[in-house]
Asks: 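Okay, handing you the structure first.
Atoms within each ligand, like the ligands themselves, are counted from 1 in listed order.
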Amino acid sequence: MVTDVKELIEARSEPQRCEAALLSKVLVKSYGCQMNVYDATRMTDLLSREGYAETKIEEDADLVILNTCHIREKAAEKIYSELGKLAIAKRALNAQGRDMKIVVAGCVAQAEGEEVLKRQRAVDIVVGPQSYHRLPELLRQARDGARLADTDFAVEDKFRTLPAPNRAQIRARGVSAFVTVQEGCDKFCSFCVVPYTRGAEASRPVAEIIAETMRLVDAGVREITLIGQNVNAYLGPDGDGREASLAQLLDRLARIEGLARLRYTTSHPVDMAQELIDAHGANPKLMPYVHLPVQSGSDRILKAMNRKHGADAYLSIVERLRKARSDIALSSDFIVGFPGESDADFEATMALARAVGFASSFSFKYSPRPGTPAADRDDQIDETVKSERLAALQVLLDEQRQAYNAATVGREFDVLFEKAGRHEGQIGGKSPYMQAVHVEGQMELIGREARVKIIAAGSNSLGGRLMSEEAKA
Ligand code: 5AD
Ligand code: SF4
């Protein structure tokens, strides 16, 4: 097992094979969830090996990648409109004798496939979330004039073929990093496109995750968030035919020296095993914060959403999490106005939110996604009703977030400092509960944890005082 990890690190520590000087520039525009943020960094690392430096300026780019998200309403239309603007920029560059290759990646690419090439002539490559490791080859073909769509769910392990970032790249990205441990979704909630764009649930091997994490920590990362569409469904190969659960994986990662904090997101209630709940009491590096989407508080709607659990089961998880770790902060996603949602159903959602008391939440009006079962229902809810319900829910959730923040005033905890603050002499970081915290302090503390007493609370951040100028060892 240990040898596996060593081998992986060694294999990935080969000197960067970048024969070409960094002559070309790539702009990656990423939309949507943390999985896309992570994929964007992996694409950037992959392309840096091909001689592409990152740029934020569109006019400088030889290659523009739109790493798209399909979850929001009219996602594809918004991408076509963005592509329309890029096509004009491309034509202007062509007129000056320069070229700009345009790639559409991510979930819209997966869902639309070749259609993107048909609808927008300026697009050179369409590549799905499971095949972006093939970008260098696709770009070679595009340079020869081909226009290609690769939306296969590749059989090879994408992660094994992707190059690891170098120390400078890791440092530039800060002290907190994502590591994808699981991809895809088998749940088929009746409102959601993800199972169609990200494919079936699959977990990365433990050794690969440990190697990636060790490399990040070695370069200065202190906080790792394990990500996956259904991260708590993680069941990864662990050598000799064994499999490790998410709790076991977290336990193994916690042993990595120099790593201060572990988090995971996003979880589904049905996969919230007691072992994982217990880990919040047993694993000191596991942060007391869980994002656990409930979507609705009505059993009838939860059933229609195909969530496979009721409100009581959710409340029981919350109770057990609080038993394991009394200070745990909870966050959730809500959908209001799902087809057939009555006033009483909506009231049940309000009641569930009141019963839990969330530290933070995301809430959305239901919007039909073509191809999903709920989109075909003929009992869609009126837009004004949806808006009223969303407004009422958001008032409650905002109150809860403010009350949660206010309750931290006077408390002391470790803050992981990430960056300079907005004002001179200030530095900013994150509390164990995912709140932004600002203090007067030295820049040397960035990248480290230090004890802070909270002295003020706003709705989106906290103000604190350093208890000592010293960082934790
Ligand atoms: N309408 C509204 N919200 C949606 N979400 C997913 N699909 C839809 C939809 N069709 C929300 C869910 C999910 C979050 C990422 O996006 O709350 O948890
Ligand atoms: Fe979508 Fe449901 Fe899967 Fe989450 S669990 S990605 S909401 S289908």
Asks: Pull out every atom of ligand 2 sitting under 4.0 Å from any heavy atom of P195, numbered as shown with elements.
Replies: 8 (S)
Asks: Considering only the protein, which heavy-atom contact is closest to atom 5 (N) of ligand 1, and what is its distance?
Replies: I335 CD1, 3.9 Å
Asks: Checking contacts here: is it the side chain or the backbone of P293 that comes within 4.0 Å of ligand 2, counting heavy atoms only? Could be both or neither.
Replies: neither
Asks: Which one holds for Q295 and ligand 1: side chain close, backbone close, both close, or neither close, with close meaning a heavy atom under 4.0 Å?
Replies: side chain
Asks: From L249 CG over to R204 CZ, what is the distance, rounded to the nearest 0.5 angstrom?
Replies: 10.5 Å
Asks: Quick one: look up the protein heavy atom nearest atom 3 (Fe) of ligand 2 and list residue, atom name and how far away it is.
Replies: C185 SG, 2.1 Å
Asks: Which atoms of ligand 2 have any heavy atom of K187 under 4.0 Å away?
Replies: 5 (S)
Asks: Side chain, backbone, both or neither: which part of N230 has a heavy atom under 4.0 Å from ligand 2?
Replies: side chain
Asks: What atoms in ligand 2 come closer than 4.0 Å to a heavy atom of F191?
Replies: 7 (S)
Asks: Could you tell me whether E212 and R42 have a side-chain N and a carboxylate O separated by less than 4.0 Å?
Replies: yes
Asks: Would you call E77-R119 a salt bridge at under 4.0 Å N-O?
Replies: yes
Asks: With distance as the sole criterion, is a donor-acceptor pair present between the side chains of Y433 and D327 under 3.5 Å?
Replies: yes
Asks: With backbone taken as N, CA, C and O and side chain as the heavy atoms from C-beta onward, which portion of F191 lies under 4.0 Å from ligand 1: side chain, backbone, both, or neither?
Replies: both
Asks: Looking only at protein heavy atoms, which one is nearest to atom 2 (C) of ligand 1, and how far off is it?
Replies: K365 O, 3.3 Å
Asks: Should R389 and D343 count as an ion pair when the cut-off is N to O under 4.0 Å?
Replies: yes
Asks: Run the contact test for R198 against ligand 2 with a 4.0 Å cut-off on heavy atoms, strictly below, and give the result.
Replies: no
Asks: Which protein heavy atom lies closest to atom 9 (C) of ligand 1, and at what distance to 0.1 Å?
Replies: S367 O, 3.6 Å
Asks: Above 12 or not: heavy atoms from other molecules or residues under 6.0 Å from CD of E243?
Replies: yes
Asks: Can you tell whether the side chains of K365 and E383 come within less than 4.0 Å, N to carboxylate O?
Replies: yes
Asks: Closest non-hydrogen protein atom to atom 5 (S) of ligand 2, residue and atom name please, with distance?
Replies: H268 CD2, 3.5 Å
Asks: Could you list the atoms of ligand 2 found under 4.0 angstrom from a heavy atom of C189?
Replies: 2 (Fe), 5 (S), 7 (S), 8 (S)
Asks: Specify the protein heavy atom at minimum distance from atom 16 (O) of ligand 1: its residue, its atom name, and the distance to 0.1 Å.
Replies: R72 NH2, 3.5 Å
Asks: Under 2.8 Å from atom 1 (Fe) of ligand 2 - does any N, O or S atom of C192 fall there?
Replies: yes
Asks: Using the ring-ring contact (aromatic ring centres under 6.0 Å, His included) definition, which of the options F191, F364, F358 pairs with F334?
Replies: F358
Asks: Looking only at side-chain N and O atoms, does H291 offer a donor or acceptor that is under 3.5 Å from a partner on S331?
Replies: yes
Asks: Would you mind checking which non-hydrogen protein atom is closest to atom 4 (Fe) of ligand 2, with the distance to 0.1 Å?
Replies: R307 NH1, 4.5 Å
Asks: Are the side chain of T180 and the backbone N or O of Q182 linked by a donor-acceptor pair below 3.5 Å?
Replies: no
Asks: For atom 18 (O) of ligand 1, which protein heavy atom lies nearest, and how many Å away is it?
Replies: D333 OD2, 2.6 Å
Asks: In terms of side-chain heavy atoms, does T225 have a donor or acceptor partner in Q34 at a distance below 3.5 Å?
Replies: no
